[in-house]
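Chain letters run A, B, ... following the sequence lines, proteins first, then strands; residues in each count from 1. For clarity, every value in this text was computed on a predicted model and none was experimentally measured.
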Amino acid sequence: MAKNLLIVESPAKAKTIEGYLGKDFTVKSSYGHIRDLVKSEDAIDIANNFKQTYEVPADKKQVVSELKKLAKEAETVWLASDEDREGEAISWHLFDTLNLKDANTKRIVFHEITKPAIMAAIENPRKINYNLVNAQQARRVLDRLVGFELSPVLWKKVKPSLSAGRVQSVAVRIIVEREREINKFQSEAAFKIVAIFGKGRQAFKAELAERYSKQEDAEKFLQDCIGADFTVNSLETRPTKRSPAAPFTTSTLQQEASRKLGYSVSRTMQIAQRLYESGHITYMRTDSVNLSETALASAANEITTAYGNQYYQQRKYKTKSAGAQEAHEAIRPTYFANHTIDGDGSEKRLYELIWKRAIASQMSEAQFEKTTAKIGISTRKEELTANGEVMKFDGFLKVYLESNDEEEDTPQDDSDNAILPPLSKGQRLELEEMSATERFSRPPARYTEASLVKKLEELGIGRPSTYAPTISTIQNRGYVVKEEREGKTRKFRVLTLKDANIAKEERTENTGAERGKLFPTDIGAVVNDFLVQHFKGIVDFNFTAKVEKQFDEIAAGLEEWTNMIGNFYKPFHADVENTMETADKATGIRELGIHPEKGEKVSVRIGRYGPFVQIGENASDDNKEYKPQYASLRNGQSIETITLDEALELFKLPKVVGEFEGKTMKVAIGRFGPYISHNSAFVSLPKGVDPLDVTEEQAIELIQEKRKKDAEKLIKAFDEDPTVKVLNGRFGPYIEFGKQNVKIPKDKDPKELTYEECKALADADSKAPKKGGKKFAKKKK
DNA sequence: CAGTGAGCGAGCTTCCGCTTGACTT
């Protein structure tokens, strides 16, 4: 048996370190935290100085018992969890749970997984830092108190099963507030003047700095330019340079993978996890931009051999994000010599991105020569400006160019990087064409998952390990949806001056179309407004930063954690009590106006099943017969922005469109779009068909088409029970047993199945314990 | 999947942060 047991957080890390340490060391992993607060109310004893009750969760029992056994046998136990607040707490939980003894327990830390770093750590053991542990407990207790006291307020005042928390509620707030900024944004139009001088390869663009809000002014400008002389007034050339970005952290990796590869943040993390486990990259949950000495040396070697000395420039980066704890290195390839790896397509692409970014971070600047020409007009005092840029040395751009979030105004706006022909001061220029194009100011951009992560990181909210789960949570709770939305077409005017003649035309463009952007739902907006109204302090963008400062004081031994939590809890709990008793139920109700024919009030609000419109007052005690009319809002509509007319439209459906085989056909809109219902069968309407315009003939045709398609899918039907069928589905043949779908085992021929066999299979399926993730099994219940 | 929307009440939901695993129709 090994003399030493060393415990780290991650099993992949354990494997690597075991290789460094030799046979005297057994290296094991705790798989993160091994204990957590119990789920129940008594997890924190408030009257007793916030004393916590912890438990080992079921899925950690095995790990803990194995570690316990090994610890008993070892001479020395080395606690090597990460060097940050959570890591220190993990060490303490291990110490406590495994019944370790001070005398033979050593706490060590390292922030890079290299042999020298580990050896140095072992030479310098210390004791558990209880101040740091206390800071973690304060963090944990605060989050539990906030989450488990706020959520029930929402259950009572908004809707059951909702949630609120220090991190998620601010994330939702960011999305809701941005949407409102966009809604109230007033776009302003102005004409932008662009001139083209010269012909063919010598042609280049010049722009006017001013924009004209009135068409007359733009037209006057073009008019003045007819027959005018254009002269190069000044010519300035200066060198510029661009430096590489720091190697990836979790947040920057998520952003760049989203922009360049189109991955969601959770997809990026899953792929990165695989790369980490197969030893291709360092740890992927990190807030550090630091590279180890060995990594720096190996990158230097790779760059000089692959590209030459002039491409190498050693750089050390400093983290900018506020709450960074820097327990790990930046994300980088384990071996810089591997430009590519084996793996599936997504793994290869992500690895390549990580490799390029890390290599580029140690390369020299790219150098440019930027030329600015000012062009005078004989008939006007304004000058046109032409910019050109020539790359003199590519430097790090040889391997990597970071992208950014900003979209271009128009496709032809790329004149910044253009190349100018040789020009000289005083030179006369030949105008080829000049245009005045109407352009519109743009509202702030909606957030993507990745840009939300960026924002959260800037605010110091959340941690590398929680960005992806937080984004999932706010979507799972229905506060936010990630969607595609169609844009609207918009007309814009273009004036073109060519050959002393001004042509006017109107063009159309599509604007406001979004893909993969985060939109708040009505419930998200109502919950947010409720929290902002009653718990301003908690959903304040600076709340986390404020408490982090106090956690730091606890970690430095300057403040008692129970004191800090006590000071926070007293007023917070009073707010909770007060809100529970006095606040109105939040429905986001909004009056839209009066129904033009009925003269009754029309309003929208959130109900048990989502947002809906109501015509008329609620039934009162004096008039129990009276019933208001209801209609659900459709996808993409919101109680905040819907108009009276749009609301009244909703009452035109469902609509009876005719009769077929003695049964009525109805058109309605369901969760998946418009459909026809007939004799308890459903047919989706094809795209582009307006549900209000469906005719009887069209409906019959669609029903018959659907029947034909279903018949093609049908493998076998049974006389015993018409609701039982064998069908060919997307995932292969299956049995439709009433409402239950059952997969057919591979060893059975679907054509040969008897009714009895189907029944048996369906029976077995409904009885079989649902395998798979606990989350899934729980949801089913 | 798909038409509902009052109010009652039982019993349920919920936080953040550290890890991986083993899954859906």
Side-chain angles (χ1 to χ4, degrees), chain A residues 8-13 29-37 39 41 43 59-60 63 81-82 84-87 89-90 93 136 139-155 159-169 270 273 276-277 283 285 327 461-467 469-470 473 477 544 587 605-614 618-621 624 627-632 653-654 666 668-677 680-684 729-732 734 739-743 770-781:
Chain A
V8 293
E9 291 180 35
S10 148
K13 207 191 253 185
S29 149
S30 73
Y31 292 80
H33 273 295
I34 51 147
R35 282 204 306 198
D36 193 16
L37 291 172
K39 285 271 176 223
E41 296 244 313
D59 58 335
K60 287 290 166 64
V63 181
S81 47
D82 296 347
D84 59 15
R85 202 163 61 205
E86 298 297 327
I90 288 175
H93 279 302
Q136 192 275 345
R139 199 280 305 154
R140 182 68 191 90
V141 167
L142 179 113
D143 282 335
R144 168 59 68 87
L145 290 173
V146 168
F148 275 38
E149 293 216 2
L150 277 191
S151 299
V153 180
L154 296 180
W155 303 344
K159 207 174 119 170
S161 302
L162 295 176
S163 65
R166 174 176 60 82
V167 172
Q168 58 167 291
S169 295
Q270 279 166 16
Q273 176 87 30
Y276 168 64
E277 281 169 10
Y283 197 56
R285 288 187 277 264
I461 298 173
R463 304 278 312 132
S465 66
T466 61
Y467 294 137
T470 299
T473 299
R477 296 271 174 278
T544 292
T587 63
R605 67 176 192 274
I606 295 203
R608 241 196 315 165
Y609 310 105
F612 69 102
V613 194
Q614 176 171 344
N618 285 338
S620 62
D621 283 344
K624 292 204 165 157
K627 271 219 160 174
Q629 272 187 284
Y630 305 104
S632 295
L653 290 174
K666 243 189 226 172
I669 295 199
R671 199 149 67 83
F672 302 123
Y675 65 94
I676 303 167
S677 61
S680 67
F682 301 95
V683 185
S684 294
R730 200 150 56 95
F731 306 103
Y734 67 101
K739 285 193 169 170
Q740 186 188 357
N741 286 341
V742 190
K743 214 172 168 172
K770 286 287 170 210
K771 288 186 288 177
K774 271 171 232 116
K775 266 187 212 158
F776 192 83
K778 223 173 165 185
K779 255 187 195 167
K780 282 241 157 172
K781 277 184 183 175

> Would you indicate what A:Asp82 reaches in the nucleic acid, counting non-hydrogen atoms under 4.0 angstrom: base, sugar-phosphate, or nothing?
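If one applies the 4.0 Å heavy-atom cut-off, A:Asp82 turns out to touch the sugar-phosphate alone, with no base involved.
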> Determine whether a donor-acceptor pair (one donor, one acceptor, N or O, separation below 3.5 Å) exists between the side chain of A:Arg139 and the base of B:dC16.
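Present.
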> Distance check needed: B:dT4 P versus A:Lys159 NZ, whole Å only.
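For the pair A:Lys159 NZ and B:dT4 P, the rounded distance is 17 Å.
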> What does A:Gln168 touch in the nucleic acid at a heavy-atom separation under 4.0 angstrom: a base, only the sugar-phosphate, or nothing?
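Touches sugar-phosphate only.
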> Hey, does A:Val146 reach any base, or is it just sugar-phosphate, or nothing, if we go heavy atoms under 4.0 Å?
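A:Val146: no heavy atom of the nucleic acid under 4.0 Å.
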> Would you check if A:Phe148 stacks with the base of B:dT14, given a 5.5 Å centroid limit and a 30° plane limit, both strict?
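Yes, A:Phe148 stacks on the base of B:dT14.
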> Pick the nucleotide of DNA chain B nearest each of A:Gly147 and A:Gly32; which residue has the one closer to the 5' end?
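Of the two residues, A:Gly147 wins.
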> With a 4.0 Å cut-off on heavy atoms, is A:Ser677 in touch with a base, just the backbone sugar-phosphate, or nothing at all?
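Nothing: the residue A:Ser677, judged by heavy atoms under 4.0 Å, touches no strand.
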> How would you label the contact of A:Ala164 with the nucleic acid (heavy atoms, under 4.0 Å): base, sugar-phosphate, or nothing?
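Sugar-phosphate contact only - A:Ala164 comes under 4.0 Å of backbone atoms but never of a base.
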> Could you tell me the separation between the CZ atom of A:Arg285 and the P atom of B:dC18, rounded to a whole number of Å?
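Nearest whole value for this atom pair: 9 Å.
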> Given B:dC18, B:dG5, B:dT20, identify the nucleotide with an atom nearest to the side chain of A:Gln273.
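Of the candidates, B:dT20 comes closest.
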> Write down the atom of A:Ala164, the atom of A:Leu154, and the distance for their closest heavy-atom approach.
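The answer is CB-CD1, 3.8 Å.
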> Quick one: label A:Gly87 by what it contacts on the DNA or RNA (base, sugar-phosphate, nothing), any heavy atom closer than 4.0 Å.
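Touches nothing.
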> What's the spacing between A:Gln168 CD and A:Arg477 CZ if we round to 0.5 Å?
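The CD atom of A:Gln168 sits 6.5 Å away from the CZ atom of A:Arg477.
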> State whether the aromatic ring of A:Tyr31 stacks on the base of B:dC18, taking stacking to mean ring centres under 5.5 Å apart and ring planes under 30° to each other.
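By the stated criterion, A:Tyr31 and B:dC18 do not stack.
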> Kindly point out which of B:dC16, B:dT14, B:dC18 is positioned nearest to the side chain of A:Pro152?
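Comparing B:dC16, B:dT14, B:dC18 against the side chain of A:Pro152, the answer is B:dT14.
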> Which is more 5' along DNA chain B, the nucleotide nearest A:Arg608 or the one nearest A:Pro469? Just name the residue.
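So the residue in question is A:Arg608.
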> For residues A:Lys13 and A:Tyr283, determine if any side-chain heavy atom of one lies less than 4.5 Å from a side-chain heavy atom of the other.
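A side-chain contact under 4.5 Å is absent here.
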> Has A:Phe612 got its ring stacked on the base of B:dG5, with centres under 5.5 Å and planes less than 30° apart?
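Ring-base stacking flag set for A:Phe612 and B:dG5.
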> Atom OH of A:Tyr276 and atom P of B:dT19: how far apart are they, to the nearest Å?
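Whole-Å distance recorded here is 8 Å.
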> Does A:Arg463 make a side-chain donor-acceptor contact with the base of B:dC16, cut-off 3.5 Å?
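Side chain to base: no pair present.
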> Identify whether any heavy atom of A:Pro654 sits under 4.0 Å from a base atom; if not, whether one sits that close to sugar-phosphate; answer base, sugar-phosphate or nothing.
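Answer is nothing: A:Pro654 stays at 4.0 Å or more from every strand.
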> Can you tell me how far P of B:dC18 sits from NZ of A:Lys60, to the nearest Å?
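From A:Lys60 NZ to B:dC18 P: 13 Å.
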> Do A:Asp82 and A:Arg285 meet the salt-bridge criterion of a basic N to acidic O distance under 4.0 Å?
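Result for this pair is no, no salt bridge flagged.
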> So if I take every side-chain heavy atom of A:Ser163 and compare against B:dA2, B:dT14, B:dG17, which nucleotide ends up nearest?
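That would be B:dT14.
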> What I want to check is whether the side chains of A:Ser29 and A:Glu9 have a donor and an acceptor closer together than 3.5 Å.
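Absent: no donor and acceptor within the cut-off.
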> Using a cut-off of 4.0 Å on non-hydrogen atoms, how would the nucleic acid contact of A:Arg477 be classed: base, sugar-phosphate, or nothing?
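Sugar-phosphate contact only.
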> What is the distance, rounded to the nearest whole Å, between atom CD of A:Gln270 and atom C1' of B:dG21?
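In whole Å, B:dG21 C1' and A:Gln270 CD are 12 Å from each other.
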> Need one value for A:Tyr467: base, sugar-phosphate or nothing, where a base atom within 4.0 Å counts as base even if backbone is also close, heavy atoms only.
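Result for A:Tyr467 = nothing.
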> Side-chain contact, heavy-atom cut-off 4.5 Å: A:Ser30 with A:Ile90?
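Touching, per the 4.5 Å side-chain cut-off.
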> Tell me what A:Gly165 touches on the nucleic acid: a base, only sugar-phosphate, or nothing, going by heavy atoms under 4.0 Å.
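The residue A:Gly165 makes sugar-phosphate contact but no base contact.
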> Can you tell me how far P of B:dT13 sits from CD of A:Glu41, to the nearest Å?
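Answer to the nearest Å: 11 Å.
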> Looking across every strand, which nucleic acid part, if any, lies under 4.0 Å from A:Ser632 by heavy atom: base, sugar-phosphate, or nothing?
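Touches a base.
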> Identify whether any heavy atom of A:Arg140 sits under 4.0 Å from a base atom; if not, whether one sits that close to sugar-phosphate; answer base, sugar-phosphate or nothing.
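Base contact.
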> If you check every side-chain atom of A:Arg144, which of B:dG17, B:dC15, B:dG5 has the closest atom?
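Given the options B:dG17, B:dC15, B:dG5, the side chain of A:Arg144 is closest to B:dC15.
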> Please determine which of A:Leu145, A:Thr544, A:Leu150 meets the side chain to side chain contact (heavy atoms under 4.5 Å, CB included) test together with A:Arg166.
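Of all the options given, the one that passes is A:Thr544.
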> Without decimals, in angstroms, what is the distance between A:Glu9 CD and B:dT20 P?
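Those two atoms, CD and P, are 9 Å apart.
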> Determine the contact category for A:Leu142: base if any of its heavy atoms lies under 4.0 Å from a base atom, sugar-phosphate if only primed atoms, P, OP1 or OP2 are that close, otherwise nothing.
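Nothing, no nucleic acid heavy atom in range.
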> Heavy-atom distance under 4.5 Å between the side chains of A:Arg140 and A:Arg85, does that happen here?
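Heavy-atom side-chain distance check fails, nothing below 4.5 Å.
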> Between A:Ser10 and B:dT19, is there a contact of a side-chain N or O with OP1 or OP2 at under 4.0 Å?
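It does not, given that no N or O in the side chain of A:Ser10 lies less than 4.0 Å from OP1 or OP2 of B:dT19.
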> Taking atom P of B:dT14 as reference, at what distance in whole Å does atom CG of A:Asp36 sit?
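Those two atoms, CG and P, are 15 Å apart.
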> With the side chain of A:Glu277 defined as its heavy atoms from C-beta on, choose the nearest nucleotide among B:dT20, B:dA2, B:dT19.
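Nucleotide nearest to A:Glu277's side chain: B:dT20.
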